[in-house]
Number of protein chains: 2
Amino acid sequence: MDDLGQADRAEPEETRIRAARIQDVAQLADVSTATVSRALATPERVSPEARARVLEAIAKTGYVPNPAARSLRSQKTFMVLVVLPDLSNTFFSKILRGIEETLFEAGYGMIISDLDGSPEKEAHFAAFTAAGRVDGAILLNGHLFGQSREGEGQPARLTIPLVALCEAIPGADIPQIEIDNRAAASRMTQHLASLGHRRIAYVSGPANNILERERFLGFKDGLEAAGLPFDPALVIPGDYTIEAGIRAGQGLVARAERPTAVFCTSDEMAIGMMRTLLSAGLRVPHDISVAGFDDIEFAAVAEPSLTTIHQPRRELGQAAASALIDCLQGRASPKRIRLDTELVLRDSVAPLQGGA
Amino acid sequence: MDDLGQADRAEPEETRIRAARIQDVAQLADVSTATVSRALATPERVSPEARARVLEAIAKTGYVPNPAARSLRSQKTFMVLVVLPDLSNTFFSKILRGIEETLFEAGYGMIISDLDGSPEKEAHFAAFTAAGRVDGAILLNGHLFGQSREGEGQPARLTIPLVALCEAIPGADIPQIEIDNRAAASRMTQHLASLGHRRIAYVSGPANNILERERFLGFKDGLEAAGLPFDPALVIPGDYTIEAGIRAGQGLVARAERPTAVFCTSDEMAIGMMRTLLSAGLRVPHDISVAGFDDIEFAAVAEPSLTTIHQPRRELGQAAASALIDCLQGRASPKRIRLDTELVLRDSVAPLQGGA
DNA sequence: TCACCCTATGTAATCGATTACATGCAACTT
DNA sequence: AAGTTGCATGTAATCGATTACATAGGGTGA
């Protein structure tokens, strides 16, 4: 395919339209390229007349600075990498939107990397940042990457500003944007307890996940605050997916002595859970209450509608992007931002019924 | 901050880690930069010994080619722009995943632009592509952009390979990846009719949307095939969102003479619809059947589970990315790819009940 | 009036990789 | 043996914008 290269070049007629260069603009405006560049970057350092001529020439030629050239010289890409574990997860998409909005307003583009649990991909994108393809990165995956292979040589690593979103990265000295998972989980647990529930099951996130650890601590906090004992038998493993909720539900249905309330640490799991319970003939919330976490769009229209913890997803994205932009532009950025959550009461949770 | 430039240079100690350049590798391997470049791009044109030395030097220095420099010279960015109307929509996120996967395997990165209905954003990204920041673009928004302002000057526009996904762009001579919306809608309509339903309502997508037009035609096809008359009163405007489904549902509940089945042209609307009907005391599917379109994750766990049209979303994304990569690499790419849909039968649709 | 400073602008080095062209050398042809 | 071919490699031009440094001209103060 590269053999075509010469043909492209030889062709005198405009087979392919060439974009205007800064040279073209300079010629048309009768100034030097330096003046054109300055007219755009630091208008106050150019005389009004020259600036006007330059702007006119730009309009006439449709000039747009070549980003590769600009980036090569100035070592800035105006691109930000967003690393996340699963692009198709509803929870992330709204956060992404918040990030994109904010980045866009500041003139940054967004490159997305869906790690999909693949270490190779992770390595690739670590190299990607190291190669200076992006000015900064927002991590939604709960850990730093490019874990320095300690071996000989110790290749020089470029470090760029990072921000951790949602899954705080312990020990990393970077801005972290998060909600207070522990407090929120505690609050939900206490809410369930306050409705009379004594046997409250907990469907967890993936083991070792930082969110999970926080929420689990919050769950225990809540139990303690309500004076309830912690029963390991009521902890059901999950991984935030619908399927995990379904599996957890099947396990519950099969039990002789069922809990009267289930706290699922994601809405997806809660919805899968409710589905399974209902299919098995149990009534939610009459026979068993189900609570979620996240407040995704579908929580409000689930049947029954889901009591959950509202996370300000868009705002989280915006805050992360803002923090990163602060770093990129040399401003101080807050080291830790905690956004408030809200307990959203809907129909999937009800006071303990007399019998059960 | 650029004043540091000299300091960097003067400073012998590593104040700031500089990424290895091709020069460094060349020196270490005792070859020229051209050989290093060739060892990477066209290994067969370099002697095995030289190649080995180069690779070793690369490993030792952790060299990664500077993408800005590479792109400046070779006019390639290895980046693809994906333009979509709403990033937070569940429907798109799985498609995105398919796109990302495929692009990644081919060595391309993905830049996402969420248009969010903003013409300015659209203009910005049109300029973005024109500036050569990406090698190609995948459009999910149903129309081309950068609508040439015809005025004087006629700025030179760089044109890059494009691919349209899902919403075919009429008149555009670019590869289009889609499903047969019309046939799928017809099929669903006939399915409803075959169960005895005579009054079938249709909840539409946004007016002027190409998907909508196709599906609407399919709906009419289906009615005709089933020998049912088309009744404009049974067409309810929507826009694919949950809220639209809720509103449409409220409208239905208020009616004196209700349809016995509703075909919502998105799962989101169907779920909102079911929610509203159930809240109003109607039973789904006993009193009224509800069908959706898309088969998003939540369709299977809705209550009742949703009968819908399955779209192979991940495959759609993959196909679009493949087609684009074909274009980018000078290979021929199919002009039109149609992936198959599937009618998924679940619980939200049932045969017409005796009474109603 | 001279020295000095400040502003507006131009000249040219620079960022780092790719690649056209040149060169040197070995192998093969006649 | 001279000429031809072809491979491996090096040299240096090139991509397009930014920006350090140089310079010219106008204004101010002594």
Side-chain angles (χ1 to χ4, degrees), chain A residues 2-10 16 18-27 29-54 58 61 63-78 130-133 156 158, chain B residues 1-10 18-27 29-54 58 61 63-78 130-133 156 158:
Chain A
D2 213 45
D3 316 18
L4 300 168
Q6 323 150 342
D8 272 7
R9 235 155 237 293
R16 183 206 260 166
R18 281 196 81 69
R21 298 181 320 257
I22 196 170
Q23 275 268 12
D24 307 328
V25 175
Q27 241 162 42
D30 196 31
V31 294
S32 72
T33 61
T35 302
V36 175
S37 180
R38 283 191 281 253
L40 290 170
T42 52
E44 72 281 4
R45 301 191 53 75
V46 169
S47 71
E49 305 82 47
R51 197 189 319 157
R53 287 210 310 284
V54 167
I58 287 176
T61 54
Y63 168 74
V64 183
N66 179 311
R70 178 203 293 253
S71 157
L72 175 59
R73 178 63 226 247
S74 61
Q75 310 286 11
K76 295 208 169 100
T77 62
F78 282 97
R133 274 186 101 133
L158 217 39
Chain B
M1 62 188 150
D2 210 49
D3 315 20
L4 299 170
Q6 322 149 341
D8 270 10
R9 242 156 234 291
R18 280 197 82 70
R21 297 182 320 260
I22 196 170
Q23 274 268 11
D24 306 329
V25 175
Q27 240 161 46
D30 196 30
V31 294
S32 71
T33 61
T35 301
V36 175
S37 180
R38 282 191 281 254
L40 290 170
T42 51
E44 73 280 4
R45 302 190 51 74
V46 168
S47 70
E49 304 81 47
R51 198 187 321 157
R53 286 211 311 283
V54 167
I58 287 177
T61 54
Y63 168 73
V64 183
N66 179 312
R70 177 203 294 252
S71 157
L72 174 59
R73 178 65 227 248
S74 60
Q75 311 286 9
K76 293 204 171 106
T77 62
F78 282 96
R133 274 186 100 133
L158 217 40

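Order of the sequence lines fixes the chain letters, A, B, ..., with proteins taken first and strands second; residue numbering starts at 1 for each chain.
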* Asked: CD of B/Q27 versus C1' of C/dG16: gap in Å, rounded?
  -> 14 Å
* Would you mind telling me which of C/dG16, C/dC21, D/dC15 lies closest to the side-chain atoms of B/R21? => C/dG16
* Structure fact -> With the side chain defined as heavy atoms from C-beta on, A/S74 is closest, among D/dG16, C/dT18, D/dT19, to D/dT19
* Between B/T33 and A/P65, who's closer to the 5' end of DNA chain D by nearest nucleotide? -> B/T33
* Asked: Can you tell me if the side-chain N/O atoms of B/S47 get under 4.0 Å from OP1 or OP2 in D/dT9?
  -> yes
* **Student check: side-chain heavy atoms of A/V31 and A/V54 closer than 4.5 Å** => yes
* **Spacing of A/Q75 atom CD relative to D/dG16 atom C1', expressed in whole Å** => 15 Å
* Asked: Using a cut-off of 4.0 Å on non-hydrogen atoms, how would the nucleic acid contact of A/T35 be classed: base, sugar-phosphate, or nothing?
  -> sugar-phosphate
* To do: Give A/V36 one of three labels, base, sugar-phosphate or nothing, depending on what nucleic acid heavy atoms sit under 4.0 Å from its own.
  => nothing
* Structure fact -> Among D/dG16, C/dA17, D/dT9, the one nearest any side-chain atom of A/A69 is D/dG16
* Structure fact -> Comparing nearest nucleotides in DNA chain D, the 5'-proximal residue of the pair A/N66, B/P48 is B/P48
* **Nearest-nucleotide 5' precedence on DNA chain C, B/R70 against A/A34** => A/A34
* To do: Measure distances between side-chain N and O atoms of A/R73 and base N and O atoms of C/dG16, and say whether any donor-acceptor pair falls under 3.5 Å.
  => no
* Taking atom C1' of D/dA17 as reference, at what distance in whole Å does atom CZ of B/R133 sit? -> 13 Å
* Which heavy atom in A/R133 sits nearest to a heavy atom in B/F78, and how many Å separate them? -> NH2-O, 3.8 Å
* side-chain contact (heavy atoms from CB on, under 4.5 Å) partner of A/V25, the single match among A/L40, A/T35, A/V36 -> A/V36
* Least distance between heavy atoms, A/T77 atom then A/S71 atom -> CG2-OG, 3.7 Å
* Between B/N66 and B/A69, what is the shortest heavy-atom contact and its length? -> OD1-N, 3.0 Å
* Asked: Would a distance-only check, ignoring hydrogens and angles, find a side-chain to backbone donor-acceptor pair under 3.5 Å from A/R51 to A/A39?
  -> no
* Asked: Would one find a side-chain N or O of A/Y63 under 4.0 angstrom from OP1 or OP2 of D/dA17?
  -> yes
* Hey, does A/S37 reach any base, or is it just sugar-phosphate, or nothing, if we go heavy atoms under 4.0 Å? -> base
* Asked: Could you state the CD-C1' distance from B/E44 to D/dG6, rounded to the nearest angstrom?
  -> 15 Å
* To do: Could you check how far CZ of B/R45 sits from C1' of C/dC21, rounded to whole Å?
  => 13 Å
* To do: Could you check how far CD of B/Q23 sits from P of C/dA17, rounded to whole Å?
  => 9 Å
* To do: Please report, rounded to the nearest Å, how far the P atom of C/dG16 is from the CG atom of B/L40.
  => 17 Å
* Looking across every strand, which nucleic acid part, if any, lies under 4.0 Å from B/A50 by heavy atom: base, sugar-phosphate, or nothing? -> sugar-phosphate
* Any N/O donor-acceptor pair, A/R38 side-chain to C/dG10 base, under 3.5 Å -> yes
* To do: Using a heavy-atom cut-off of under 4.0 Å over every strand shown, decide if B/V46 touches base, sugar-phosphate, or nothing.
  => sugar-phosphate
* To do: Starting at atom CG of A/L72, determine the distance to atom C1' of C/dA13, rounded to an integer number of angstrom.
  => 13 Å
